[in-house]
Amino acid sequence: MFQLYPSSKRPLVKSFKTVEHFHGKGGVENEIVKPIRLKAQIKHAVDATTELCETYFGELEFLAISPLTNLALAYLKYPRLTECTHHLYIMGGTIYGNTHSRI
């Protein structure tokens, strides 16, 4: 099930910036992927998240990309977010931007 909800207009703390220098213009090197067009629901992403937590308690999985504003606001509104989440996958969300290291 794919549904699209309107999200927050900006990050909570700092201004939004993109990272083409790290991921390329298309987000996956310089390949531009044509997006799938979905019609956005009327409900805001934060409200949808809290409702989905109740419906799929303990089963919900998130794939979140930076800046993580909607998850932060959902947690503030619904602290049980951590209990209802089965898996959380994050790309981004650091104060210093994207980094990598060698092992």
Side-chain angles (χ1 to χ4, degrees):
M1 165 177 80
F2 289 101
Q3 292 189 15
L4 179 67
Y5 299 95
S7 65
S8 302
K9 302 290 184 204
R10 63 175 186 80
L12 290 174
V13 179
K14 60 182 188 173
S15 62
F16 180 73
K17 68 177 185 174
T18 59
V19 288
E20 285 91 1
H21 66 281
F22 194 85
H23 295 291
K25 289 187 181 277
V28 184
E29 304 229 345
N30 286 318
E31 183 176 336
I32 305 295
V33 178
K34 185 176 179 181
I36 297 172
R37 298 288 178 195
L38 297 173
K39 183 178 179 186
Q41 304 293 314
I42 295 172
K43 189 179 305 174
H44 191 276
V46 172
D47 297 321
T49 299
T50 59
E51 288 178 19
L52 288 167
C53 275
E54 286 297 319
T55 303
Y56 300 101
F57 199 90
E59 302 174 43
L60 206 56
E61 295 188 8
F62 292 99
L63 173 57
I65 57 173
S66 185
L68 310 176
T69 305
N70 293 325
L71 275 179
L73 292 172
Y75 175 74
L76 290 173
K77 181 177 181 179
Y78 185 80
R80 292 186 71 198
L81 179 69
T82 57
E83 297 172 43
C84 81
T85 302
H86 181 66
H87 281 106
L88 171 60
Y89 307 93
I90 297 176
M91 180 181 143
T94 70
I95 193 167
Y96 303 108
N98 291 323
T99 62
H100 68 281
S101 62
R102 289 185 180 195
I103 297 176

Colleague: If you count heavy atoms of other groups shown closer than 6.0 angstrom to CD1 of I42, is the number above 12?
Modeller: no
Colleague: Under 6.0 Å from the OH atom of Y75, do we count more than 12 heavy atoms belonging to anything else shown?
Modeller: no
Colleague: Do L52 and I90 sit in one hydrophobic cluster, given that two such residues count as connected whenever their side-chain heavy atoms are within less than 4.5 Å of each other, even indirectly?
Modeller: yes
Colleague: Evaluate L12 against L73 for side chain to side chain contact (heavy atoms under 4.5 Å, CB included), listing each step before the verdict.
Modeller: CA-CA 9 Å; L12 290 174; L73 292 172; 3.8 Å; yes
Colleague: If you take all heavy atoms of Y89 and E61, which pair is closest and at what distance?
Modeller: CE1-OE1, 3.9 Å
Colleague: Please examine the side chains of Y56 and H86, heavy atoms only from C-beta on, and report whether any two atoms are closer than 4.5 Å.
Modeller: no
Colleague: Can you hop from Y5 to L68 via hydrophobic side chains spaced under 4.5 Å?
Modeller: no
Colleague: Apply the side-chain contact (heavy atoms from CB on, under 4.5 Å) test between Q3 and each candidate in K43, Q41, K39; give the one that qualifies.
Modeller: Q41
Colleague: Can you name the nearest heavy-atom pair linking S7 to A45, along with the distance?
Modeller: CA-CB, 4.2 Å
Colleague: State, with a plain yes or no, whether a side-chain heavy atom of L71 is found less than 4.5 Å away from one of L88.
Modeller: yes
Colleague: Measure the shortest side-chain to side-chain distance between K77 and D47 over non-hydrogen atoms and say whether it is less than 4.5 angstrom.
Modeller: yes
Colleague: Could you state the interatomic distance from SG (C53) to CG (L81), rounded to the nearest 0.5 Å?
Modeller: 4.5 Å
Colleague: Tell me, do T49 and N70 make a side-chain contact under 4.5 Å, heavy atoms counted?
Modeller: no
